[in-house]
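The block underneath contains the structure these notes are about, expressed in structure tokens.
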4 protein chains.
Amino acid sequence: MPHGPDGGTARRILTGAVSCFFEQGYHATSMREIAARAQIQPASVYHWFSSKETMLLTVMQGFQDALTAAAVAAHEAHSAPLDRLAAMVRAHVTLHVQHRKEALISDTEIRALSPASRRQIVAGRDRYQRLFRETIEDGCARGAFRCADVSVATNAILVQCTGVASWYRPRGRLSLQEVADVHADLVCRSLDAEPPSKPA
Amino acid sequence: MPHGPDGGTARRILTGAVSCFFEQGYHATSMREIAARAQIQPASVYHWFSSKETMLLTVMQGFQDALTAAAVAAHEAHSAPLDRLAAMVRAHVTLHVQHRKEALISDTEIRALSPASRRQIVAGRDRYQRLFRETIEDGCARGAFRCADVSVATNAILVQCTGVASWYRPRGRLSLQEVADVHADLVCRSLDAEPPSKPA
Amino acid sequence: MPHGPDGGTARRILTGAVSCFFEQGYHATSMREIAARAQIQPASVYHWFSSKETMLLTVMQGFQDALTAAAVAAHEAHSAPLDRLAAMVRAHVTLHVQHRKEALISDTEIRALSPASRRQIVAGRDRYQRLFRETIEDGCARGAFRCADVSVATNAILVQCTGVASWYRPRGRLSLQEVADVHADLVCRSLDAEPPSKPA
Amino acid sequence: MPHGPDGGTARRILTGAVSCFFEQGYHATSMREIAARAQIQPASVYHWFSSKETMLLTVMQGFQDALTAAAVAAHEAHSAPLDRLAAMVRAHVTLHVQHRKEALISDTEIRALSPASRRQIVAGRDRYQRLFRETIEDGCARGAFRCADVSVATNAILVQCTGVASWYRPRGRLSLQEVADVHADLVCRSLDAEPPSKPA
DNA sequence: AATGAATGAGCGTTCATTCAT
DNA sequence: GATGAATGAACGCTCATTCAT
């Protein structure tokens with residue numbers, strides 16, 4: 001994948017593709033449409049991406065990398081289970097709101113990937129979920145959390161925080177900060193812990 | 001839509017379509033594939049459904065009707081906010097597990113509907129969500145629940161319970177009953193209420 | 001591959017395809033061109049043939065089958081090496097002239113087949129060549145023929161008789177019968193045998 | 001067509017093109033493939049050859065020139081019809097084996113040339129065939145050869161000797177010298193002449 | 001109630017080629 | 001002497017759908 005000094009063209013193509021995938025879905029988006037949005041010819045897209053699927057994979061991998069990096073940073077920044085999980089939840093919600101389109105694409109288009117790409121993305125997703133499960137497990141072991149089933153709780157929490165991308169409207173009543181805080185709060189309460197203190 | 005004495009053929013077609021839409025998505029599913037699963041010719045499908053989109057609408061409307069009927073019944077069966085919401089959550093989770101495929105299709109393929117059909121489905125979905133929001137609002141007003149933002153809480157709760165369809169595996173460790181109970185529990189705790197008593 | 005009572009449409013398509021392949025080569029022929037010759041839409045071709053390659057394989061296999069059947073019949077009709085080989089040569093030349101296009105396609109487009117199809121055709125071709133080699137070998141053993149190298153002779157003879165398809169013009173000076181006879185004559189003389197008697 | 005001090009790049013490109021055309025055919029070979037084999041970019045090929053067709057024409061013309069020169073030399077080196085034809089056959093076979101790829105390309109890709117180029121190549125081919133026909137005619141007139149039809153014989157002989165390129169394997173049982181001799185032998189015998197003496 | 005045959009539109013992708021640098 | 005970027009045209013093929021039977 002070639003790129004100029006600023007990666008301009010490839011980025012412009014990808015941005016348009018993200019919008020298309022988000023609005024209509026991967027399979028309902030044609031290469032001609034992506035090309036038109038980037039103001040180039042369909043054939044020119046192939047100078048930057050070897051296939052439509054490559055574009056999807058690039059989007060999903062990029063978002064997954066950002067998510068994982070943020071979760072790891074949040075994890076390492078705190079040692080108390082409550083603060084740690086709250087920070088991770090805030091990071092998850094924040095990224096899902098800031099990159100709504102990529103988040104929803106990552107959530108719904110895994111089927112569209114080729115088997116090899118799918119394996120790669122699923123493996124990364126599993127690693128990410130494990131970060132959360134282990135944090136919750138550790139909190140239960142240290143008495144900070146209480147829950148009937150760690151796996152169910154992990155799934156329920158992640159699904160809830162991911163879901164923000166599907167209903168949050170940036171022009172809405174709540175700021176991103178507030179939504180993130182509310183979710184940190186909901187999550188901790190559902191684990192029978194006192195709501196966490198808000199960071200400055 | 002014609003139908004024989006038992007509605008057999010139409011149902012067989014629709015069942016196959018549901019599996020296809022679930023496994024690959026609406027746009028990645030071809031009429032030929034649906035026909036093949038029903039062991040008829042592509043042209044014959046049109047004897048029962050006037051278009052591919054009609055099949056999608058039928059599936060989504062059917063699931064939405066079932067969901068709404070169950071929520072109304074749960075609402076009417078109880079008057080205390082806690083029991084009422086718990087019953088509604090249990091019904092929601094139960095139907096989403098029992099009809100995983102229809103649930104996931106309803107959740108992800110709204111974009112694929114024509115504008116008219118989409119309006120119809122979105123209106124029904126809004127009515128359904130209102131049932132939950134009003135129940136939570138009422139609970140807060142009567143002092144049974146406590147939450148920072150009713151709208152956010154409603155969205156977060158519904159997204160969490162809907163999400164069960166995406167990760168619950170029937171062959172897993174927990175029974176459907178248990179997953180429904182855990183979610184009723186999580187929801188009530190996140191609203192600062194004592195976990196509800198389990199029904200017999 | 002469906003077909004009506006007379007195989008009309010499929011045959012019409014194939015005839016046009018044969019002409020295209022013959023005139024321009026397989027890779028220079030487009031499905032649109034084949035469809036236009038058959039006076040149908042490009043998509044309709046796929047009702048009869050699942051791919052362009054399938055059409056090529058059908059043509060080659062059909063010609064190979066005809067060739068083999070004729071060679072076996074000629075072989076069985078005679079027991080003297082001279083008469084036997086002469087009959088086989090006449091059959092080979094006759095079919096190559098009567099089906100010039102199919103002959104030339106079979107001769108030059110093997111590379112265009114998929115590996116699996118290619119194996120199938122090559123195997124059939126080898127069987128056919130073996131029929132000739134064994135006939136010549138037997139003739140040498142029985143003292144009817146004399147030649148420096150049976151394999152080279154077989155190849156040279158077959159290539160010579162196949163080549164008729166590339167230069168024979170139906171409107172030319174010689175009749176098909178005469179060309180076939182001349183080649184039977186050439187072949188036998190090149191094996192140091194008396195020219196064969198002509199059949200009535 | 002520019003060229004450096006050694007003509008290196010142009011030759012390297014052409015060699016790769018010959019291999020591609022030989023292995024897959026002209027139309028199945030892309031400029032990108034030719035460029036990749038020469039380890040340059042597709043656009044760079046156009047610095048040396050103005051089009052894909054020019055490359056094909058260059059290959060065919062080069063082989064035809066070599067063939068013609070060799071045939072003329074063989075013709076002039078002998079005066080007896082038998083020795084003369086034998087020498088011409090040996091030259092033809094030798095060049096077809098030594099330049100298998102160019103020979104096969106010349107034989108099968110004439111259709112791919114533009115009308116103007118095709119006319120040029122066909123004219124040269126006709127001149128070459130005339131050399132053989134006149135030699136055989138002269139041999140018949142002088143009583144050295146006997147055949148039913150000079151034109152048919154010429155075509156059959158040339159097709160047979162050209163065919164060597166399609167089946168001869170350099171690693172095979174016979175040396176190039178031997179194959180050339182066998183063919184000179186076959187040709188003379190088929191013209192009812194005593195096999196020619198072998199040259200030192 | 002069902003289907004074989006057909007179709008127009010559109011798909012993802014590749015092509016030979018151009019041109020400013 | 002070489003190339004990165006671009007392009008218009010065309011490729012083989014699949015699509016949802018129609019319709020006479």
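Throughout, protein chains are lettered first and strands after them, A, B, ... in sequence-line order, and every chain is numbered starting at 1.
Whole-Å rounding puts the D/Lys52 NZ to E/dT18 C1' distance at 17 Å. Rounded to a whole Å, the CG atom of A/Leu56 is 13 Å from the P atom of E/dG12. One interatomic measurement links the two molecules: CE of A/Met55 to P of E/dT13, which rounds to 10 Å at whole-angstrom precision. When the P atom of E/dC15 is taken as reference, atom CD of D/Gln24 falls 10 Å away, rounded to whole Å. Atom CD1 in D/Ile13 sits about 8 Å away from atom P in F/dA2, given to the nearest Å. Taking atom CH2 of B/Trp48 as the reference point, atom P of E/dT3 lies 12 Å away to the nearest angstrom. Counting to the nearest Å, the P atom of E/dA5 and the CZ atom of C/Phe49 are 12 Å from each other. Regarding D/Glu53, its CD atom lies at a distance of 12 Å from the C1' atom of E/dA16, rounded to whole Å.
Contacts between residues 26-41 of chain A and DNA chain F, counted as heavy-atom distances below 4.0 Å, involve A/Arg32, A/Ile40, A/Gln41. Across residues 109-120 of chain B, not one residue has a non-hydrogen atom less than 4.0 Å from an atom of DNA chain E.
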C/Val59 and C/Glu109: CA distance, side-chain angles, deciding distance, side chain to side chain contact (heavy atoms under 4.5 Å, CB included) verdict: CA-CA 11 Å; C/Val59 171; C/Glu109 300 289 9; over 6 Å; no

List the steps and the verdict of side chain to side chain contact (heavy atoms under 4.5 Å, CB included) for C/Arg111 and C/Tyr26. CA-CA 10 Å; C/Arg111 295 174 301 197; C/Tyr26 175 78; over 6 Å; no

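Across every strand in view, E/dG10 sits in a pair with F/dC13 that passes the Watson-Crick or G-U test at under 3.5 angstrom. Across all strands shown, F/dA5 is found opposite E/dT18 as a Watson-Crick or G-U wobble partner, with both distances under 3.5 Å.
Put simply, B/His47 has no side-chain N or O that comes within less than 4.0 Å of OP1 or OP2 on E/dA2.
Between C/Arg12 and C/Ile40 there is a side-chain heavy-atom pair separated by less than 4.5 Å. Counting heavy atoms from C-beta outward, A/Arg119 and A/Leu113 have side chains that stay 4.5 Å or more apart. Proximity of C/His47 to C/Thr9: side-chain heavy atoms (C-beta onward) are nowhere separated by under 4.5 Å.
Between A/Ser50 and B/Val45, the residue whose closest nucleotide on DNA chain E is further toward the 5' end is B/Val45. In terms of position along DNA chain F, the nucleotide closest to A/Ser44 lies nearer the 5' end than the nucleotide closest to the other residue of the pair A/Ser44 and C/Ser51. Residues C/Pro42 and B/Tyr46 each lie close to DNA chain F; by heavy-atom proximity, the contact nearer the 5' end of the strand is made by C/Pro42.
Atom-to-atom distance recorded for C/Met60:CE and C/Leu67:CG is 12.0 Å, nearest 0.5 angstrom. Of the inter-residue distances, the one linking A/Ile13 atom CD1 with A/Phe49 atom CZ reads 6.0 Å to the nearest 0.5 angstrom.
Checking each of A/Gln24, A/Lys101, A/Glu33 against A/Ser19 for a side chain to side chain donor-acceptor pair (under 3.5 Å) leaves exactly one that passes, namely A/Lys101.
Residues D/His99 and D/Phe22 keep their aromatic ring centres 6.0 Å or farther apart.
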